[in-house]
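Shown next, in structure tokens, is the structure this report addresses.
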Amino acid sequence: MNKIAKYINQHIIGNVFDSPSILEKYSTDRSALKITPRMVAIPENTSDVRRIVRFVNQLSKKSVHLPISVRGSGLDKTGADLGTGLVLSTEHLNKILEIDDHSRLVRVQAGVTLGQLNSALALYGLTVPVLADPRETIGGLISNFTTDAGAGKYNGIYYYVDCLEAIVSTGDAIQTNRYNRRHLTKKLDLTSYEGEIYREIDQLIEDKSELIAELGGRNTVDAAGYQMITQVVRDPVRSFDLLPLFYAAQGTLGVITEVILHCSVLQPSVRHFVAAFESISSAESYIQEIMPLMPEELNLYDARMFKTSADHGKDPALFAPKFNKGYFVWAGFDDKPRHINKKLKKCLKLLPQNAAAVTETDDNTTDFQRFYSAIVSYLNNDVSGERTPICDDFYVPSEHLSNFLTDLRDLEKTYGQELPVFGSFSTSNYSVRPDIQLNTVEGRQFVLKFINDFDSLLREHSGSITGGAPEGRLKAVVAEKHFTDEEVALYTKIKNIFDPEEIFAPDIKLGATTNATVRHLRASYLNDVIS
Ligand SMILES: Cc1cc2nc3c(=O)[nH]c(=O)nc-3n(C[C@H](O)[C@H](O)[C@H](O)COP(=O)(O)OP(=O)(O)OC[C@H]3O[C@@H](n4cnc5c(N)ncnc54)[C@H](O)[C@@H]3O)c2cc1C
């Protein structure tokens, strides 16, 4: 075992490993990248995290660089949880610490998964209504600022986090809170590192007020950089909260260790509705009509993605014969049963003549579950390569969607492959999964070229490649192009205030380079089911 790992092991309750088989496991996530770390730390508690961070900071001051990459469940699609130094996994920080059903508050460690949390809350008739993969951790959801499929109705994770505790680069713990000016003064007067962070961020917001106002007023959705600086100070009372900075920070400002969330009342049931349309224009007109019914999710799927699924026995046309071309609109309603029935009837009533639809009943629930399995089948049954996520969760404003899809056909011709789009109409976040052959040089060259071309196409339609999740390592190669020099200076300063020694993932977001990203592209396929 290397000396550093051994030293840390002597000082924490958890473990640090450097055996090749363990390092291999933490060298990949859901992205097209592979980076083998020098060691993996699995802290058992906050005190372990503090000791690890403090030690790495001290090493850095002696010019020994061991960057920390924080990892939740490792489902990131941009390689933001991978790193060459120490991967700090929150897998054992997985305790639900308190549930106060009366005030609908829950306190958890950051490695608690969404599925674990919602199973526990369900016993109290409560939920955190985020429609994401149940394996995602709360720390990961915050750090990736994930726009989930239910965010159109329930506003996403941002709406449910009240405050958090994070370990910053000195190993100190800071607790976020929304402070009025009087309480903020107390924070500004602190002589600790926490006080320094408060003072410097407060000063930065004052110095860069014009730029921050301009960023806040932009009419687009983009999670790149540290754009949530716009939410730290809120009018009219100019309250101040560091919490927003941790959204989309991807572990670059500190390790989130605890989170307090507030919950919603769990709806008793959900029923779905799916309709098939021959053209995007008829699907869009219909969607506009059913939007006011406030579905929990409202998704759009290009029917071409189901052709592969049908070849593997997962055919939506089995339960709806006309479902073989055009676009599918999928809606879920999670109201009281009486209201759901009314809404489903309304969906059928509004349906144009040339469309086909099926509503979920007690008898066909399994068909609806099969619809989802058909998507997973498409994502995993590629004959010539892998449908690795490289352009997931991009943003296209609804008024540009139709033209964007038309122009996407040109890209399909250029690349000689179909690029069916799927995603959430209610949040305007979609994905495409090109067929990639990572085991060839041409395949890896394709990744970078495709991301660049796709990003240009999105920009032509007022979209953004980092709309639903931040840039990490992979999308950083295009995201940074769009920052002005002033923005880069602002984001660099934020990073510097929290992490002057650059110990937290210095090579993602602003620190990512095309050369490094290309070097880290995987040359083999993931031995796992991709979702
Ligand atoms: C391009 C892209 C598209 C996505 N699309 C979808 C989607 O369609 N549906 C969906 O449900 N999700 C999507 N996600 C979200 C992603 O799958 C999860 O949000 C994320 O992976 C959270 O789960 P995790 O626990 O696996 O976190 P990880 O993948 O392990 O980590 C994600 C990021 O959060 C940081 N992090 C994790 N825990 C902490 C912590 N405690 N403190 C500080 N930093 C931390 C990591 O360093 C990393 O940067 C997308 C993400 C990206 C980047």
Side-chain angles (χ1 to χ4, degrees), residues 26 28-33 43 46 49 53 67-83 86-94 108-117 130-151 156-157 164-168 223-224 245-259 297 299 375 379 388-395 422-424 427 429-433 451 464-476 478-479 498-499 504-505 507-509 512 530-531:
Y26 292 85
T28 53
D29 53 6
R30 281 293 175 272
S31 72
L33 304 167
T46 301
V49 178
V53 172
I68 298 176
S69 303
V70 192
R71 181 173 172 115
S73 293
L75 298 170
D76 191 88
K77 297 171 182 177
T78 62
D81 55 332
L82 307 177
L86 179 147
V87 166
L88 188 154
S89 168
T90 61
E91 64 201 89
H92 286 183
L93 302 179
N94 62 353
V108 297
Q109 288 187 309
V112 162
T113 64
L114 184 65
Q116 187 192 347
L117 175 61
V130 170
L131 290 184
D133 189 320
R135 295 168 298 174
E136 292 175 26
T137 62
I138 300 303
L141 277 165
I142 295 171
S143 306
N144 263 349
F145 199 10
T146 308
T147 306
D148 67 288
I157 187 74
L164 58 76
E165 175 191 79
I167 307 306
V168 288
L245 282 173
F246 288 89
Y247 285 101
Q250 299 194 292
T252 56
L253 302 184
V255 186
I256 303 169
T257 41
E258 275 188 30
V259 184
E297 58 177 332
N299 300 341
I375 298 165
L379 299 177
T388 312
I390 58 170
C391 290
D392 266 33
D393 261 14
F394 58 85
Y395 167 76
F422 58 99
S424 158
T427 62
N429 277 306
Y430 303 94
S431 303
V432 287
R433 291 282 180 90
I451 292 178
S464 141
I465 201 162
T466 41
E471 68 272 49
R473 192 174 258 114
L474 189 64
K475 289 183 177 179
V478 287
F498 277 87
D499 183 19
F504 290 120
D507 50 353
I508 70 161
K509 292 179 84 74
I530 296 179
S531 53

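Values reported hereafter were calculated over all heavy atoms of this structure, with side chains retained and with hydrogens, waters and symmetry mates removed. Both counts, for ligands and for their atoms, begin at 1 and track the order of listing.
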Open item on the list: Would you say Thr146 and Asp148 are linked by a side-chain donor-acceptor pair, where the criterion is simply a distance under 3.5 Å?
Closed with: no
Name all residues meeting the side chain to side chain donor-acceptor pair (under 3.5 Å) criterion together with [X]; count only those two or more places apart in sequence or in a different chain, and write none if there are none.
| X | answer |
| --- | --- |
| Thr90 | none |
| Thr78 | Asp76 |
| Thr147 | none |

Task: Shortest non-hydrogen contact between Arg135 and Thr113, atoms and distance - done: O-CG2, 3.4 Å
Task: Residues lining ligand 1 [heavy-atom distance under 4.0 Å, listed by chain and residue number] - done: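 Lining ligand 1: Val70, Arg71, Gly72, Ser73, Gly74, Leu75, Asp76, Lys77, Thr78, Ala80, Asp81, Thr90, Ala110, Ala132, Asp133, Glu136, Thr137, Gly139, Gly140, Leu141, Ser143, Asn144, Thr146, Gln250, Gly251, Gly254, Val255, Ile256, Asp392, Asp393, Ala469, Lys475.
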- [ ] Using the six-membered ring wherever Trp is involved, compare the ring planes of Phe145 and Tyr247 and label them parallel, tilted or perpendicular (cut-offs 30° and 60°).
- [x]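 It falls in the tilted class, 30° to 60°.
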